[in-house]
Amino acid sequence: LDRKVGLESRFASVAEYNRRHADSKRGLAVTPVCFGISFAQTALNQASSLVHIYVDGSVSVSTGAVEMGQGVNTKIALIAARTLGVDPMRVRVDTSNTTRIPNASPTSASTGADLNGMATQQACNTLLERLRTFAVQHLARPDLVATDIAIRDGVVVVRGEPTDLTWERLVAAAQWARVDLSAHDFYATPNLWYDPTSERGRPFAYYSFGTSLTEVHLDTIRGTYTIQSVDIVHDAGQSLSTVIDRGQVEGALVQGIGWATIEQLRYADNGRMLSMVNAYKIPDIKVGPLRLGITLLEQSDNP
């Protein structure tokens with residue numbers, strides 16, 4: 001964040017503004033965040049995926065992830081497409097249904113794409129291995145083994161060289177050769193354990209980090225304020241979709257502003273919360289910052 005915005009100069013600029021103005025002031029705050037990605041309840045860190053390849057080359061994926069506008073279906077579709085080597089437009093992610101994927105864990109805590117995406121990747125790898133093995137037979141090349149075959153951009157590639165065998169023709173031929181074009185797989189995040197009694201263990205697979213710099217302008221006469229700017233640098237690893245991840249950061253920021261500045265919780269004498277969900281004022285564009293800068297940390301790998 002410092003390299004992006006120059007913290008020292010920003011703080012100096014605000015200090016100079018405050019020195020010259022009595023009826024208004026400006027303030028800066030740096031806020032770091034560290035969020036563990038996994039359910040603290042270890043048993044919830046599991047997911048399944050069911051993938052079908054149809055004779056026309058289209059692909060359907062079923063998982064237990066619930067799409068609620070956060071873009072998890074898009075990420076799962078991208079995972080399937082990249083694993084199989086086809087255009088994402090060929091992949092359809094079906095709505096969650098317990099007849100296809102039972103016993104699904106909740107879609108929350110930023111685990112949806114991780115758990116269901118890994119299960120999808122594994123299922124697609126199983127299908128890819130079947131198709132690569134079949135491609136060796138179909139090409140009638142006894143000098144080849146499955147590892148010589150790849151699928152890139154919907155074309156079968158042999159030892160790095162594209163062939164005239166397309167994804168559609170390969171799948172259709174595999175269907176007629178009685179190759180199974182369906183796969184189910186299961187993923188459980190490894191090496192997780194947690195003892196709630198001692199509060200010791202390894203409850204999270206990894207952590208997501210971010211830091212923000214917020215500048216606020218305060219009218220000291222009226223007591224009103226505006227959020228002048230927010231600059232955020234967030235570590236999203238190797239982003240599956242920068243558009244979605246930027247949107248998630250933007251939405252989280254506005255939600256946080258609403259939580260910190262608009263929501264007023266009321267409690268009874270016994271501590272019970274009286275505030276109703278339908279009494280909450282959802283933040284609108286006017287409570288957002290006048291300027292927003294979001295940077296996804298580059299060259300950030302995570303095993």
Side-chain angles (χ1 to χ4, degrees), residues 37-39 41-68 70-138 146-147 149-152 154 156 167-192 205-206 240-241 244 303:
I37 309 295
S38 287
F39 291 104
Q41 176 59 260
T42 304
L44 295 178
N45 295 288
Q46 56 177 298
S48 297
S49 180
L50 177 63
V51 181
H52 300 310
I53 300 175
Y54 294 90
V55 72
D56 65 351
S58 61
V59 180
S60 82
V61 181
S62 294
T63 74
V66 177
E67 174 63 60
M68 57 189 92
Q70 83 279 37
V72 68
N73 279 1
T74 300
K75 288 189 172 185
I76 290 173
L78 289 171
I79 290 169
R82 292 172 186 176
T83 305
L84 294 172
V86 299
D87 191 308
M89 295 301 292
R90 288 194 174 277
V91 182
R92 181 185 72 252
V93 178
D94 292 318
T95 56
S96 301
N97 188 312
T98 54
T99 61
R100 293 190 297 270
I101 303 295
N103 310 319
S105 294
T107 304
S108 64
S110 296
T111 64
D114 277 17
L115 293 171
N116 297 280
M118 285 295 288
T120 297
Q121 184 184 52
Q122 292 176 177
C124 288
N125 274 328
T126 297
L127 292 168
L128 182 62
E129 189 60 30
R130 292 176 192 164
L131 289 171
R132 291 167 68 188
T133 300
F134 169 72
V136 171
Q137 305 168 7
H138 185 70
T147 53
I149 305 293
I151 301 174
R152 298 175 190 161
V156 174
W167 166 261
E168 298 95 320
R169 290 173 54 199
L170 174 66
V171 168
Q175 167 67 18
W176 284 102
R178 298 186 296 181
V179 175
D180 185 3
L181 297 178
S182 294
H184 168 271
D185 218 308
F186 175 83
Y187 176 76
T189 311
N191 304 320
L192 297 182
Y206 65 96
L240 291 168
S241 170
I244 290 176

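For clarity, every value in this text was computed on a predicted model and none was experimentally measured.
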Could you tell me whether a side-chain N or O of [X] sits under 3.5 Å from a main-chain N or O of [Y], the two making a donor and an acceptor?
X      : Y      : result
Thr120 : Asn116 : yes
Gln46  : Leu44  : no
Trp167 : Gly57  : yes
Arg100 : Gly64  : no
Thr126 : Gln122 : yes

Looking at side-chain heavy atoms only, is the closest gap between [X] and [Y] below 4.5 Å?
X      : Y      : result
Val91  : Val61  : yes
Asn45  : Ser105 : no
Leu181 : His52  : no
Val179 : Val171 : no
Asn125 : Glu129 : no
Ile149 : Phe134 : no
His184 : Ser48  : yes
Gln175 : Asp56  : no

Just grab all the side chain to side chain donor-acceptor pair (under 3.5 Å) pairs involving residues 84-93, residues at least two apart or on different chains.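 Sorted result for residues 84-93: Arg90-Glu168, Arg92-Asp94.
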Given side chain to side chain contact (heavy atoms under 4.5 Å, CB included), test Ser182 with Val51 step by step and report yes or no. CA-CA 6 Å; Ser182 294; Val51 181; over 6 Å; no
Straight-line distance of Leu170 CG to Ile53 CD1, nearest 0.5 Å: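 Result: 8.5 Å between the selected atoms.
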Using 0.5 Å steps for rounding, measure from the OG atom of Ser62 to the CG atom of Leu50.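 One gets 5.5 Å once the value is rounded to the nearest 0.5 Å.
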Over 12 non-hydrogen atoms of neighbours within 6.0 angstrom of CZ in Arg152: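 No - once you tally the heavy atoms of other residues, nucleotides and ligands closer than 6.0 Å, there are 12 at most.
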Check the pair Gln70, Ile244 against side chain to side chain contact (heavy atoms under 4.5 Å, CB included), reporting the backbone distance first and the verdict last. CA-CA 7 Å; Gln70 83 279 37; Ile244 290 176; over 6 Å; no
For Phe39 and Ser108: C-alpha separation, side-chain torsions, deciding distance, then whether side chain to side chain contact (heavy atoms under 4.5 Å, CB included) applies. CA-CA 9 Å; Phe39 291 104; Ser108 64; 3.3 Å; yes
